[in-house]
Novice: 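Take a look at the following structure, please.
Residue numbering restarts at 1 for every chain, and letters A, B, ... go by the order of the sequence lines. The basis for the numbers below is simple: all heavy atoms, side chains too, and nothing from hydrogens, waters or symmetry mates.
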2 protein chains.
Amino acid sequence: MYKIGELAAACKVKPDTLRFYEKNGLLNPANRSDKGYRIYSDDDAQQLRFILRAKAMGFSLSDIRELLNIEASRSDWACADVKGMVEAKALELQTKIDEMTRLRDSLQELADACCGGPESAIHCSILDTLETK
Amino acid sequence: MYKIGELAAACKVKPDTLRFYEKNGLLNPANRSDKGYRIYSDDDAQQLRFILRAKAMGFSLSDIRELLNIEASRSDWACADVKGMVEAKALELQTKIDEMTRLRDSLQELADACCGGPESAIHCSILDTLETK
DNA sequence: TTTGACCTTTGACCTAACTCCAAGGTTTAT
DNA sequence: ATAAACCTTGGAGTTAGGTCAAAGGTCAAA
Ligand SMILES: [Zn+2]
Ligand SMILES: [Zn+2]
Ligand SMILES: [Zn+2]
Ligand SMILES: [Zn+2]
């Protein structure tokens with residue numbers, strides 16, 4: 001049984017983060033002390049670690065809410081559901097990667113066309129390109 | 001000479017966006033009509049296109065403010081300065097790409113380990129992995 | 001002349017995921 | 001006993017780049 005600061009420290013997050021997760025339905029402390037302090041159980045700690053691992057994998061908090069729902073009643077779901085979520089996330093990421101790669105290539109092309117020398121930028125091809133495509 | 005709605009329509013942005021750019025020091029209309037309407041010149045239109053092109057290249061508005069400063073007095077800057085900015089941006093992008101690629105690979109690995117079948121997720125390796133690393 | 005499409009300003013709201021603050025109550029250590 | 005270090009709540013602020021609404025003034029067409 002942990003108080004909020006203890007669990008937070010154990011998982012290297014701030015107490016406010018746990019309150020935030022609670023407010024957003026991701027982690028409810030098992031109970032409260034007679035004076036109203038949040039008391040977290042080992043299961044809660046495990047659930048927090050689940051959340052943090054999923055976050056590190058790139059899932060949003062609302063994705064994680066879904067994963068927690070599934071995890072809470074695994075038998076109601078198929079592997080296909082879970083795998084579908086993960087693959088969708090991977091695809092989403094890939095789409096962003098592609099977009100950023102195109103952007104990076106454009107920038108590199110822009111940079112390559114510039115002499116990069118110490119003289120005045122009056123003739124700079126980068127600025128020219130941005131000025132009039 | 002354009003009123004705000006005209007310039008906005010010509011560049012496919014909303015009037016509010018132009019007001020926002022003005023508030024943030026990116027684009028000041030050449031003058032105002034006697035009744036207070038913003039009046040944009042052809043130079044302003046050109047500057048807006050500069051802004052939009054730079055944005056499409058992945059520059060943030062504060063990057064663009066810098067670029068506009070340079071553009072406004074090109075002779076005070078060297079090509080090296082401009083190229084440096086562009087290369088820094090490309091590198092920044094590359095760093096994000098690398099990070100997202102690692103994330104995508106982790107997700108793909110996670111997905112690959114799951115059977116993805118229609119039976120219950122009780123044995124799902126994805127959930128197991130997230131539950132206890 | 002009256003409708004409707006413009007324009008003005010100020011200021012609130014949006015997403016995401018926290019983070020911080022204030023004002024007060026509690027626990028712990030010396 | 002008292003000060004430090006915790007805990008509570010509610011609500012505001014952060015970043016980035018807008019987007020919208022309200023309340024009012026202006027302008028062109030029918
Ligand atoms: Zn040069
Ligand atoms: Zn150059
Ligand atoms: Zn399976
Ligand atoms: Zn599975």
Side-chain angles (χ1 to χ4, degrees), chain A residues 1-41 44 47-48 50-68 89 92-93 96 99-100 103, chain B residues 1-41 44 47-48 50-68 89 92-93 96 99-100 103:
Chain A
M1 298 306 202
Y2 318 91
K3 279 189 290 181
I4 196 169
E6 292 165 357
L7 179 55
C11 290
K12 291 170 186 168
V13 296
K14 304 194 177 179
D16 272 338
T17 302
L18 299 189
R19 294 191 190 98
F20 175 78
Y21 287 167
E22 181 177 351
K23 200 174 63 179
N24 288 278
L26 288 158
L27 182 66
N28 290 110
N31 39 30
R32 293 282 184 132
S33 79
D34 57 345
K35 294 300 180 186
Y37 284 24
R38 290 169 178 82
I39 305 295
Y40 295 90
S41 67
D44 293 337
Q47 178 154 335
L48 176 56
F50 182 103
I51 291 166
L52 297 176
R53 267 180 225 119
K55 212 165 77 67
M57 303 291 289
F59 289 101
S60 71
L61 297 192
S62 98
D63 294 331
I64 295 174
R65 239 189 324 267
E66 262 188 88
L67 286 171
L68 287 170
K89 203 68 190 173
E92 187 184 309
L93 226 37
K96 278 188 196 143
E99 191 180 335
M100 295 177 76
L103 234 46
Chain B
M1 298 306 200
Y2 318 91
K3 280 189 289 180
I4 196 169
E6 292 164 358
L7 179 56
C11 291
K12 292 172 186 167
V13 296
K14 304 196 176 179
D16 273 339
T17 302
L18 299 189
R19 294 190 190 99
F20 176 79
Y21 288 167
E22 181 177 352
K23 199 175 62 178
N24 288 279
L26 288 158
L27 182 65
N28 291 109
N31 39 31
R32 295 281 183 132
S33 78
D34 57 345
K35 294 299 180 187
Y37 285 23
R38 289 169 179 81
I39 305 294
Y40 295 90
S41 66
D44 294 336
Q47 178 154 335
L48 176 56
F50 182 104
I51 291 167
L52 296 177
R53 268 179 224 121
K55 213 165 77 67
M57 303 291 289
F59 288 101
S60 70
L61 297 192
S62 98
D63 293 331
I64 296 173
R65 240 191 321 269
E66 263 189 85
L67 286 170
L68 286 170
K89 203 67 188 173
E92 189 185 306
L93 226 36
K96 278 188 199 144
E99 193 181 333
M100 295 176 76
L103 234 46

Novice: Could you give the side-chain donor-acceptor pairs of residues 24-33 of chain B under 3.5 Å, partners two or more places apart or in another chain?
Specialist:
{"from": "B/Asn24", "atom 1": "ND2", "to": "B/Phe20", "atom 2": "O", "distance (Å)": "2.8"}
{"from": "B/Arg32", "atom 1": "NH1", "to": "B/Gly36", "atom 2": "O", "distance (Å)": "2.9"}
{"from": "B/Arg32", "atom 1": "NH2", "to": "B/Glu22", "atom 2": "OE2", "distance (Å)": "3.4"}
{"from": "B/Ser33", "atom 1": "OG", "to": "B/Lys35", "atom 2": "N", "distance (Å)": "3.2"}
{"from": "B/Ser33", "atom 1": "OG", "to": "B/Gly36", "atom 2": "N", "distance (Å)": "3.4"}
{"from": "B/Ser33", "atom 1": "OG", "to": "B/Tyr37", "atom 2": "N", "distance (Å)": "3.0"}

Novice: I want to check something: taking the side chain as every heavy atom from C-beta on, are A/Ile4 and A/Tyr40 in contact at a cut-off of under 4.5 Å?
Specialist: yes
Novice: Heavy atoms of chain A, cut-off under 4.0 Å: which first and last nucleotide of DNA chain D, 5' to 3', fall inside that, if you could look?
Specialist: D/dC6 to D/dT9
Novice: Which letters describe nucleotides 17-30 of chain C, given B = protein heavy atom under 4.0 Å from base, S = only from sugar-phosphate, - = neither?
Specialist: BBBB----BBS---
Novice: Can you give each donor-acceptor pair under 3.5 Å made by side-chain atoms of residues 5-12 of chain A, sequence neighbours left out, with the distance rounded to 0.1 Å?
Specialist:
{"from": "A/Glu6", "atom 1": "OE1", "to": "A/Lys3", "atom 2": "N", "distance (Å)": "3.0"}

Novice: List for me each residue that meets side chain to side chain contact (heavy atoms under 4.5 Å, CB included) alongside A/Leu103, sequence neighbours excluded, and say none if there are none.
Specialist: B/Leu93
Novice: Applying side chain to side chain donor-acceptor pair (under 3.5 Å), can you list everything that pairs with B/Glu92, at least two apart in sequence or on another chain?
Specialist: B/Lys89
Novice: Please enumerate all residues that pass side chain to side chain donor-acceptor pair (under 3.5 Å) together with B/Glu66, with sequence neighbours excluded.
Specialist: none
Novice: Is there side-chain contact between A/Tyr21 and A/Leu48, with at least one heavy-atom pair below 4.5 Å?
Specialist: yes
Novice: Of all residues at least two apart in sequence or in a different chain, which pass the side chain to side chain donor-acceptor pair (under 3.5 Å) check with B/Ser62?
Specialist: none
Novice: Verify the contact: side-chain N or O of B/Arg38 to OP1 or OP2 of C/dC7, cut-off strictly under 4.0 Å; return yes or no.
Specialist: no
Novice: So do B/Leu61 and B/Lys55 actually touch side chain to side chain, heavy atoms under 4.5 Å?
Specialist: yes
Novice: Can you list the residues that meet the side chain to side chain donor-acceptor pair (under 3.5 Å) rule with B/Asp44, with sequence neighbours excluded?
Specialist: B/Ser41
Novice: As a check on the pairing definition, encode DNA chain D in dot-bracket form, counting Watson-Crick and G-U wobble pairs whose two distances are under 3.5 Å, and using | for partners outside this strand.
Specialist: ||||||||||||||||||||||||||||||
